[in-house]
Amino acid sequence: MSGTYQHLTTVFLAFFAIMNPIANTAIFVGLAGKETQSVQIKTAFKALFISFCIIVVFAISGKVIFHLFGISLPALRLTGGVLVFLIGCQMLHGESSKLHSPEDKHKADIAISPLAVPILAGPGTIATAMNYSASGNMLEISATIGAFFALCVLTFISFIFGQKILHFIGEAGIAIVTRLMGLILAVIGAQMLISGVFGAIKIYAK
């Protein structure tokens, strides 16, 4: 049971680091801050609901995708590790990841794009979800989905009270949080890479 709690904690921290609710709250306020409270609530809920559905699909169907495209688990961990590590390095330098940054802020429905994709459920988030549920173990898949759901609830609250939170933290606070999340992400990416390398050795060294 302790292993399940450890997995749940690890996955939650990985998702928390890569989604960075504090920094994303600044983006949300920039995109929807001028709307009424009710519109902001609807936008936040829709964006997070879509993000949750995307992650659930990839968490559950990860193994099917592997078999369909002939992908091995070490290959996913190596690729996902590189991806997550690069995002972490960008955040360490105080930059927003280009993979999780909006290219166009004037879309018709900001809840779908850029909020849901690529900011909340971007390539790094999807790779993380697939990595932690790739074994096909229902307990790990449930823990992955549960951890992401908990983060979605936390992010929703953060979005709704975004202006108050940003006023309290300030730009300097956001920069510090972003760098800390970047460090955590870089370490998680490195761990994925190590797991991928050793997994590949076990498969191909036979």
Side-chain angles (χ1 to χ4, degrees), residues 12 14-59 79-80 82-131 144-145 147-167 169-171 173-182 184-186 188-189:
F12 179 82
F15 279 138
F16 187 92
I18 204 162
M19 280 181 65
N20 195 355
I22 302 300
N24 283 341
T25 295
I27 295 175
F28 178 81
V29 171
L31 291 171
K34 295 181 179 179
E35 304 291 344
T36 62
Q37 185 73 3
S38 61
V39 172
Q40 287 185 38
I41 291 173
K42 288 179 182 177
T43 302
F45 180 81
K46 186 175 182 179
L48 287 161
F49 178 75
I50 292 171
S51 304
F52 179 73
C53 290
I54 291 171
I55 295 305
V56 168
V57 168
F58 278 98
T79 308
V82 171
L83 187 62
V84 172
F85 182 80
L86 289 176
I87 292 173
C89 285
Q90 287 180 329
M91 291 171 66
L92 265 173
H93 288 87
E95 303 170 4
S96 297
S97 167
K98 293 178 181 178
L99 293 171
H100 287 250
S101 297
E103 293 180 3
D104 185 357
K105 295 185 179 181
H106 304 287
K107 302 273 183 162
D109 192 344
I110 60 170
I112 299 173
S113 178
L115 281 175
V117 182
I119 292 173
L120 297 172
T125 316
I126 292 171
T128 302
M130 290 182 69
N131 175 70
T144 301
I145 293 173
F148 191 75
F149 176 78
L151 185 58
C152 283
V153 173
L154 182 65
T155 304
F156 178 78
I157 295 171
S158 182
F159 280 1
I160 299 308
F161 296 98
Q163 291 178 331
K164 293 180 180 178
I165 291 172
L166 295 179
H167 179 75
I169 294 176
E171 291 185 12
I174 295 174
I176 291 170
V177 170
T178 298
R179 284 179 167 82
L180 285 174
M181 294 302 103
I184 293 173
L185 270 187
I188 290 172

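Basis for what follows: all heavy atoms, side chains included, without hydrogens, waters or symmetry-related copies.
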Minimum heavy-atom distance between Ile55 and Phe15, given as atom pair plus value = CG2-CZ, 4.3 Å

CZ/Phe149: more than 12 non-hydrogen atoms of other groups inside 6.0 Å = no

Check whether any side-chain N or O of Gln40 sits under 3.5 Å from a backbone N or O of Glu35 as a donor-acceptor pair, and report yes or no.
-> yes

What are the two closest heavy atoms between Phe16 and Pro21, and how far apart are they?
-> O-CD, 3.5 Å

Between Ile27 and Ile119, what is the shortest heavy-atom contact and its length?
-> CG2-CD1, 3.6 Å

If you look at every heavy atom in His93 and Arg179, which pair is closest and at what distance?
-> O-NH2, 3.7 Å

Heavy-atom neighbours of Phe45 CZ exceed 12 at 6.0 Å | no

Nearest 0.5 Å please: distance from the CG atom of Asn24 over to the CG atom of Leu115.
-> 8.5 Å

Is the number of heavy atoms from other residues, nucleotides or ligands under 6.0 Å of Phe52 CZ greater than 12?
-> yes

Any chance you could measure Thr125, atom OG1, to Ile54, atom CD1, to the nearest 0.5 Å?
-> 9.5 Å

Gln37 atom CD, neighbour heavy-atom count above 12 within 6.0 Å = yes

Side-chain contact test, heavy atoms from C-beta onward, threshold under 4.5 Å: evaluate it for Phe159 versus Ile41 and give yes or no.
-> no

Minimum heavy-atom distance Ile145-Ala59, with the two atoms named | CG1-CB, 4.1 Å

Can you find a heavy atom in the side chain of Leu120 that is under 4.5 Å from one in the side chain of Leu48?
-> yes

Heavy-atom side-chain proximity of Val56 to Phe148 below 4.5 angstrom | no

Taking atom CD1 of Ile126 and atom OG of Ser51, what is their separation to the nearest 0.5 Å?
-> 9.5 Å

If you measure from CG on Leu151 to OG on Ser158, what distance do you get to the nearest 0.5 Å?
-> 10.0 Å

Taking every heavy atom of Thr144 against every heavy atom of Ala129, the minimum-distance pair comes out as CG2-O, 3.9 Å

Report yes if the side chains of Thr155 and Phe28 come closer than 4.5 Å at any heavy-atom pair, otherwise no.
-> no

Is there a side-chain contact between Val29 and Thr25, using heavy atoms and a 4.5 Å cut-off?
-> yes

Working for side chain to side chain contact (heavy atoms under 4.5 Å, CB included), residues Leu86 and Val82 = CA-CA 6 Å; Leu86 289 176; Val82 171; 3.9 Å; yes

Output the distance between atom CG (Leu180) and atom CG (Leu92), rounded to the nearest 0.5 Å.
-> 9.0 Å

